[in-house]
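See below for the structure under consideration.
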Number of protein chains: 2
Amino acid sequence: MSAGRIPHAANAVAVHRLSKLTLLDEASARALNKAGQRCRITPGQHELCAEGKAVGEPQLILSGWAARVRIVPNGGRQILGLLLPGDLIGHCYQPQPVALSSVIALTELMTCKAPAPEQEDSLRCAYAMSHAFDEAYLLAQITRLGRMNASDRLADLFLELLERLALAGLAPGYTFHHPLTQELVADMTGLTTVHVNRTLKTMRRDGDANWSSGQLTLSNPAALAHRIGRTPTRVAQPRSRFIAQTTHQLDPN
Amino acid sequence: MSAGRIPHAANAVAVHRLSKLTLLDEASARALNKAGQRCRITPGQHELCAEGKAVGEPQLILSGWAARVRIVPNGGRQILGLLLPGDLIGHCYQPQPVALSSVIALTELMTCKAPAPEQEDSLRCAYAMSHAFDEAYLLAQITRLGRMNASDRLADLFLELLERLALAGLAPGYTFHHPLTQELVADMTGLTTVHVNRTLKTMRRDGDANWSSGQLTLSNPAALAHRIGRTPTRVAQPRSRFIAQTTHQLDPN
DNA sequence: CGAAGCATTGACTGGGGTCAACTTATGTGG
DNA sequence: CCACATAAGTTGACCCCAGTCAATGCTTCG
């Protein structure tokens, strides 16, 4: 894996994630590498996709963060989910699809066209797995918003992020870099900026998490997960490589 | 469409819904009718599917209501979404899938095996459309929980139900029958039973909705939708029959 | 330097939760 | 037909988590 900014390295993270979802065959890996050579840059804050508009070709995120967003009539904003490196944008199965939410870039975003899977391709399986994880994250978001208090929402969200970034190989230790503002966290968790700030303060005091803008550190993810009753996300049976191998990240205490 | 309880009539509602999602060809309609002849009955309150367990063959709901449920560590329960006649259960694309949530029957439930689509079948498209609607309903659930107050949550939920039941031909006028208790509504909307009761009282007083257990009547769905800024769910471009034809249900004022 | 965005804090308020009682169905068996 | 049990709906009194408003730091950047 070479360094620098040559295209091959650009999609290393995305391939890393997809290959953890299923065993990628030769042809798939080659298709991904080839697709990564034609990447597109989207500046931060730009919209990649507008709710209600036609969905274009599915894109694969090579680097950067994005968010699925919905504007609420009364002026508010709800973030439906986050999109991280290795995630797919606009991958659906129905014909003539319409975007169910807008997608905005939270950072400068590098994307490429997601190569179309051939018949019986392992890529098709990787996409399906990715799609299933997307649904799992939506369900997690629902339980967070519906049945958790402020501090549990934040803890659960941070653990999910750690899990997902670990899947893409982006969370060494219990720390990760992120482009989130407290306002974004508020729009994600259904809270206000003020209350997010207060809750973060409490979590810092209690030694659970340390938010210093741009970076987040969880002192003891396993203990935190246990306390709020969180279990790692699973979408397929633990056969060969069909599960995300992130559990070990949370095992030690 | 004959009356009575012969198998052909049993799946009439499900076929009605799927054929509104896309234009069903002859073979698909025949496959659905045939599948409906071998139906299974699940008593109310029974679990069809357990979170974390392997998912079996995809099922099609012929009649009755079910709910996707997740138990929250601190004793609570969150309903992730409702499953209505014509909806699919356990339809996913990844191999060896694991259920992302439990599914429980809210009423006695009649289901049949969802016939496997052939290559380039219109059934495949119908399933994909149904899947897309499922995602849309999850997103709607997120914005409800994240950014709406109690009365808007109830109004939005009721409008969604009206829209979905109309799609299956089960909501003549602005009234529909349902098996929901106020506790179920509470578990769905992230509120408490007590507060759901109070909010329903207010809505009745204001002439927005009338909850009399077992039946719900919205006096003016279009006005209500306008007030809370709700638009009908759309997942594909309005080409031929690719959109749900429920808009007319909400048009008049 | 000022401007703009983000983080932080305090004082006050209110929507919805909690607790607890009571009523109204809907059975169910004697 | 009534006695009893159970589930669902209804209401009141009280409280608290999180929202609102508003001011003040703290960066970063032109």
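Letters A, B, ... mirror the listed sequences (proteins, then strands); counts begin at 1. Bear in mind that the values here come from a model prediction, so they are computed numbers and not experimental data. No hydrogens, no waters, no symmetry mates; every other heavy atom, side chains included, goes into these values.
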Which whole-number value in Å describes the distance from [X] [atom1] to [N] [atom2]?
X      : N      : atom1 : atom2 : value
A/E183 : C/dT8  : CD    : P     : 14 Å
B/R144 : C/dG16 : CZ    : P     : 15 Å
A/R205 : C/dT9  : CZ    : C1'   : 15 Å
A/N74  : D/dT20 : CG    : C1'   : 15 Å
B/L200 : D/dT11 : CG    : P     : 11 Å
A/R153 : D/dA18 : CZ    : P     : 7 Å
B/Q45  : D/dT6  : CD    : P     : 17 Å
A/N210 : C/dA7  : CG    : P     : 14 Å

Legend entry - Nearest-nucleotide comparison on DNA chain C, the residue closer to the 5′ end among A/R147 and A/T193: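 With A/R147 and A/T193 compared, the 5'-side residue is A/T193.
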Inset, instruction - Step by step, work out the salt bridge (Lys or Arg N to Asp or Glu O under 4.0 Å) result for B/R68 and B/E47. - result: CA-CA 10 Å; B/R68 302 186 65 179; B/E47 194 176 72; over 6 Å; no
Inset, instruction - Could you verify whether a donor N or O on one side chain and an acceptor N or O on the other, from A/R153 and A/T199, lie under 3.5 Å apart? - result: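 Checked: A/R153/A/T199 side chains show no N/O donor-acceptor pair below 3.5 Å.
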Inset, instruction - For B/T42 and B/E108, test the side chains for any donor-to-acceptor distance below 3.5 angstrom and give the result as yes or no. - result: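 Side-chain D/A pair, B/T42 to B/E108: absent.
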Minimum-distance nucleotide (side-chain atoms of [X] versus [options]):
X      : options               : result
A/T192 : C/dT18, D/dG19, C/dT8 : D/dG19
A/V194 : D/dA22, C/dA7, C/dG17 : D/dA22
B/T181 : C/dT18, D/dA8, D/dG19 : D/dA8
A/H195 : D/dA8, D/dG19, C/dG17 : D/dG19
B/L191 : C/dG16, D/dA8, D/dT20 : C/dG16

Establish, with yes or no, whether the OP1 or OP2 oxygen of [N] is under 4.0 angstrom from a side-chain nitrogen or oxygen of [X].
X      : N      : value
B/Q182 : D/dT10 : yes
A/K201 : C/dT8  : no
A/N197 : C/dT8  : yes

Legend entry - Pair of N/O donor and acceptor under 3.5 Å linking D/dT20 base with A/R198 side chain: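 Under the 3.5 Å cut-off, the side chain and the base do form a donor-acceptor pair.
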Legend entry - Salt bridge B/E163-B/R230, side-chain N to carboxylate O under 4.0 Å: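 Salt bridge present between B/E163 and B/R230.
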Inset, instruction - Give a yes or no on whether a salt bridge exists between A/R144 and A/D152, defined as a side-chain N under 4.0 angstrom from a carboxylate O. - result: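 Not counted as a salt bridge, because no side-chain N and carboxylate O are separated by less than 4.0 Å.
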Inset, instruction - Could you check whether B/G190 gets within reach of a base, just the sugar-phosphate, or nothing at all, counting any heavy atom under 4.0 Å? - result: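 Touches sugar-phosphate only.
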